[in-house]
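Mind having a look at this structure? Questions to follow.
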Amino acid sequence: MTPFTKQVIEIIQIIPKSKVMTYGQIARLAGSPRAARQVVRVLHSMSKKYNLPWHRVVNAKGEIAIKDDESYHEQLMSLEYEGIEVGIHGKVDLSKYQWLP
DNA sequence: TGGATGACCTTAA
DNA sequence: ATTAAGGCCATCC
């Protein structure tokens, strides 16, 4: 496991309830400003094994960036359940819900 | 225009 | 079969 991956995982686990983070933000916090994709990768394939609250991660625009419908809805529900208002495109108000460490 | 951004796809232990 | 790392470019303001 690379230190970066570890960082990403930890950061994600730290996101408080009713808050979200963006890919780029996480990548930066993990030390690699250009690794947004890596973050995606980690989220996509390691979320189950590490019990990550992946539903609290959205893209830079504050939207749910998932393709798979199942997962998309799963995230949508999770977010709303936590009290986050989600718009019609799965969009949330970043200025309100983005977590700033 | 150009810079930021990305929920993938392939390869390796 | 399972699990992690790496990558490089199309897309969208």
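In the text below, chain A, chain B and the rest are named by the order of the sequence lines, each starting its count at 1.
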- Query: Tell me: CG of Asn59(A) to P of dT11(C), nearest whole Å?
  - Reply: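 Taking atom P of dT11(C) as the reference, CG of Asn59(A) is at 17 Å.
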- Distance in angstrom units between Lys6(A) NZ and dA4(C) P, rounded: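 The answer, rounded to whole Å, is 13 Å.
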- Query: Can you list, by residue number, the residues of residues 38-47 of chain A that have a non-hydrogen atom closer than 4.0 angstrom to DNA chain C?
  - Reply: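 Gln38(A), Arg41(A), Met46(A), in order of number.
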- Item | Flag, side chain of Ser32(A) to backbone of Ala27(A), donor-acceptor distance under 3.5 Å |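 Answer holds: no.
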- Starting at the 5' end of DNA chain C, which residue's closest nucleotide do you reach first, Lys61(A) or Tyr50(A)?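 The residue closer to the strand's 5' end, by nearest nucleotide, is Tyr50(A).
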- Are any side-chain N or O atoms of Gln25(A) and backbone N or O atoms of Trp99(A), one a donor and one an acceptor, separated by less than 3.5 Å?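 Here the side-chain-to-backbone pair exists.
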- Message: My understanding is that only one of Ile84(A), Ile64(A), Asp93(A) makes a side-chain contact (heavy atoms from CB on, under 4.5 Å) with Val20(A); could you say which?
- Response: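 Passing option: Ile84(A).
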- Task: Take atom NE2 of His89(A) and atom P of dC12(C), then tell me their distance rounded to the nearest Å.
- Result: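 My rounded result for the distance is 12 Å.
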- Short question: side chain of Arg56(A), backbone of Ile15(A) - any donor-acceptor pair under 3.5 Å?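 Checking the backbone N and O of Ile15(A) against the side chain of Arg56(A), a donor-acceptor pair under 3.5 Å is found.
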- Nucleotides bounding contact with chain A, strand DNA chain B, heavy-atom threshold 4.0 Å: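 Boundary nucleotides touching chain A, in 5' to 3' order, are dT5(B) to dC9(B).
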- Task: Flag yes if more than 12 heavy atoms outside Lys91(A) fall under 6.0 Å of its NZ atom; otherwise flag no.
- Result: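 No, the 6.0 Å shell around NZ holds no more than 12 heavy atoms from other groups.
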- Message: Tell me if the NZ atom of Lys48(A) is crowded by more than 12 foreign heavy atoms within 6.0 Å.
- Response: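 Yes, NZ of Lys48(A) has more than 12 neighbouring heavy atoms, counting only those of other groups under 6.0 Å.
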- Base, sugar-phosphate, or nothing: which does Ala60(A) touch, judged by heavy atoms less than 4.0 Å apart?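 Result for Ala60(A) = sugar-phosphate.
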- Side chain proximity check, Gln38(A) to Thr5(A), heavy atoms < 4.5 angstrom: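 In short, these two side chains do not touch, never coming nearer than 4.5 Å.
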- Message: Does Ser71(A) reach a base, just sugar-phosphate, or nothing at all? Heavy atoms under 4.0 Å.
- Response: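 Ser71(A): no heavy atom of the nucleic acid under 4.0 Å.
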- Item | Earlier contact from the 5' end, DNA chain C, for Lys49(A) and Arg34(A) |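 On the 5' side of the pair lies Lys49(A).
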- Taking Glu63(A) for its side chain and Gly87(A) for its backbone only, find out whether a donor-acceptor pair lies under 3.5 Å.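 No; judged by distance alone, with no hydrogens or angles, the pair does not exist.
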